[in-house]
S.K.: 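Quick one: structure below, then a few questions.
In what follows, chains carry the letters A, B, and so on, assigned in the order in which the sequence lines appear, proteins first and then strands, with residues in each chain numbered from 1.
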Protein chains: 2
Amino acid sequence: MARRTKTEAAATREALLDAAEEVFLEKGVARTSLEQIARHADMTRGALYWHFRNKADLFHAMLQRVRMPFQELVEEVGDPSLVERPLEAIRLACLKGFERLEQPRYRRVHAILIHHCEVFGDIDPLAMQNEMAEEACGALIDYFGCAARLGHLRPGISPEVAAELLQAMLGGLFHDWLRNHERFSILERGTLLLDTQLQLMRSPPSG
Amino acid sequence: MARRTKTEAAATREALLDAAEEVFLEKGVARTSLEQIARHADMTRGALYWHFRNKADLFHAMLQRVRMPFQELVEEVGDPSLVERPLEAIRLACLKGFERLEQPRYRRVHAILIHHCEVFGDIDPLAMQNEMAEEACGALIDYFGCAARLGHLRPGISPEVAAELLQAMLGGLFHDWLRNHERFSILERGTLLLDTQLQLMRSPPSG
DNA sequence: CCTTTTACATACAATGATGTATGGATAATG
DNA sequence: CATTATCCATACATCATTGTATGTAAAAGG
């Protein structure tokens, strides 16, 4: 066995992460051994233990490739006029999120995080989900608060309730789809549900 | 060690199931050994292997104690006038569900099923969740279809979309709460979100 | 009251996964 | 070009868990 060049080594690292994604998704994190991952990448545990300290470290690196905070999605849309249309900002950010999730890597890793792993080592998936939820809900409250001040939000529904409502709906859709992505397209159904929900919460046209 | 009477044996079986609930919830299903469960019930693996074939069998028995199909919740309300008020039937069934979930046993077992276990043996938690979701969604479509025919559902929103919307919201709330039940009361927030959502989807008063 | 089954506890063998230690061949570095 | 650090394979020791086999004392049952 010859020593690999630096780029080759980086490639095997990526290959190991790819393999981890696939095996984790199929067998679950707890039930997959490091040897299964290594062999799925045509490597040995030696390679794996060289690139990562242990399974938790590998898992952490796997997550690192798909960070997707809600605020980034909004910024990525990059439309400055959205400041005056917060409901549209929410809509476009969610659509961006849906598109991201249709990429296999994003879908797989999130499915693993949410449906195919338990606590182990220093990894606490529920804490991570909590962080994600907190971040998203906080952002939503800001945008809905802005919408309320602009009179875009139906009176009688507070920004907090609007945010909790939408976050619950999005979260439910998210979990549901990640459980079996072949049943429906997250982009299609997500767009439909999101639009109707926003329509329901929008201020009715006066006059 | 003396042999126990039949009722004592049934009690130890329940104690083992109780212990399984607690340890599963704390450590996750995959990371808890049968010995940990047995010792947490002040028993040995001998007792566990006598009452259950293996961990999967124990898990299955644990689930059996908290079956809660959506239709049963509606029937349990037992108000015959609900046939003419399908939206109210949905509401009351959900409230019944919320109340159930506040009982520690129901909360724990569902939290385990959804957040603290992976596939193992012949246990596929995602398939179980799929079944639950299918059943609930089917029932919701029926009720919303009935509501639409009675003119109770806001025009422009189909029964299917209404059902998917509500199911996504309820599911999101469900998952969110089960992740950390101390953050809020499922009954309180659930009632609030459910009522506002149903209010939004209800047909506006004509005239 | 005698036998049989029950309801466990204890002991044992087998398995598999983990982490580390070691070795080796070559790319990187000066 | 010599040296060193890198990248990985192989081998080994350890540990935890599982399933089963065996023992046993008392409850069931006649």
Side-chain angles (χ1 to χ4, degrees), chain A residues 1-20 22-62 112 116-123, chain B residues 1-20 22-62 112 116-123:
Chain A
M1 272 304 147
R3 176 188 167 190
R4 320 295 168 85
T5 173
K6 269 195 180 295
T7 58
E8 278 174 335
T12 66
R13 193 190 128 98
E14 297 296 306
L16 288 171
L17 288 171
D18 290 344
E22 294 177 14
V23 186
F24 279 162
L25 187 62
E26 187 185 337
K27 303 272 194 181
V29 174
R31 308 282 293 181
T32 72
S33 65
L34 295 183
E35 173 140 3
Q36 287 173 351
I37 294 174
R39 293 192 56 179
H40 194 266
D42 290 314
M43 293 282 152
T44 67
R45 272 170 53 246
L48 216 160
Y49 272 100
W50 197 89
H51 285 283
F52 311 97
R53 267 173 302 161
N54 48 34
K55 194 197 272 190
D57 190 39
L58 168 69
F59 188 84
H60 210 77
M62 187 187 74
I112 292 169
H116 298 272
C117 76
E118 306 174 6
V119 283
F120 75 100
D122 59 340
I123 299 290
Chain B
M1 273 303 147
R3 176 187 168 192
R4 320 296 168 84
T5 171
K6 269 195 181 295
T7 58
E8 279 174 335
T12 67
R13 192 190 128 99
E14 296 298 305
L16 288 171
L17 288 171
D18 290 344
E22 294 177 15
V23 187
F24 280 162
L25 186 61
E26 187 185 336
K27 303 273 194 182
V29 174
R31 309 283 293 181
T32 73
S33 66
L34 295 183
E35 174 140 2
Q36 288 174 351
I37 295 174
R39 293 190 57 180
H40 193 266
D42 289 314
M43 293 284 152
T44 67
R45 271 169 54 243
L48 216 161
Y49 272 102
W50 196 90
H51 285 284
F52 311 98
R53 269 173 301 161
N54 47 35
K55 194 198 270 190
D57 191 40
L58 168 70
F59 187 85
H60 208 77
M62 188 187 74
I112 291 167
H116 297 272
C117 76
E118 304 174 6
V119 283
F120 75 100
D122 60 340
I123 300 290

S.K.: Start with the C-alpha distance between B/Glu22 and B/Leu25, add both sets of side-chain angles, then the distance that settles side chain to side chain contact (heavy atoms under 4.5 Å, CB included), and finish with yes or no.
M.R.: CA-CA 5 Å; B/Glu22 294 177 15; B/Leu25 186 61; 6.0 Å; no
S.K.: I need the CG-C1' distance between A/Asp42 and D/dC8, as an integer number of Å.
M.R.: 14 Å
S.K.: Shortest non-hydrogen contact from A/Val29 to B/Glu118?
M.R.: N-OE1, 3.1 Å
S.K.: Any chance you could measure B/Glu35, atom CD, to B/Leu48, atom CG, to the nearest 0.5 Å?
M.R.: 10.5 Å
S.K.: I need the B/His40 NE2 to B/Glu26 CD distance, nearest 0.5 Å.
M.R.: 7.0 Å
S.K.: Write down the protein N/O and nucleotide N/O pairs, taken from nucleotides 4-7 of chain C, whose separation is under 3.5 Å; answer none if there are no such pairs.
M.R.:
{"residue": "C/dT5", "atom": "O2", "partner": "B/Arg3", "partner atom": "NH1", "Å": "3.1"}
{"residue": "C/dT6", "atom": "O4'", "partner": "B/Arg3", "partner atom": "NH2", "Å": "3.0"}
{"residue": "C/dT6", "atom": "O3'", "partner": "B/Arg3", "partner atom": "NH2", "Å": "3.2"}
{"residue": "C/dT6", "atom": "O2", "partner": "B/Arg3", "partner atom": "NE", "Å": "2.8"}
{"residue": "C/dT6", "atom": "O2", "partner": "B/Arg3", "partner atom": "NH1", "Å": "3.4"}
{"residue": "C/dA7", "atom": "N7", "partner": "B/Trp50", "partner atom": "NE1", "Å": "3.3"}

S.K.: Can you give one letter per nucleotide of nucleotides 17-22 of chain D, going 5' to 3': B for a protein heavy atom under 4.0 Å from the base, S for sugar-phosphate only, - for none?
M.R.: SBBB--
S.K.: Considering non-hydrogen atoms only, spot the tightest contact between B/Phe24 and B/Met62 and give its length.
M.R.: CD1-SD, 3.8 Å
S.K.: Does a side-chain heavy-atom distance below 4.5 Å link B/Leu16 with B/Phe52?
M.R.: yes
S.K.: Take the protein atom CZ of B/Arg39 and the nucleotide atom P of D/dA16, then report the distance between them rounded to whole Å.
M.R.: 13 Å
S.K.: Using every non-hydrogen atom in the two residues, find where B/Val119 and A/Gly28 come nearest and quote the distance to one decimal.
M.R.: CG2-N, 4.5 Å
S.K.: How close or far is atom P of C/dG19 from atom CG of A/Asp57, stated in whole angstroms?
M.R.: 11 Å
S.K.: Looking at every heavy atom in both A/Gln36 and A/Thr32, which two are closest together, and how far apart are they?
M.R.: OE1-CA, 3.2 Å
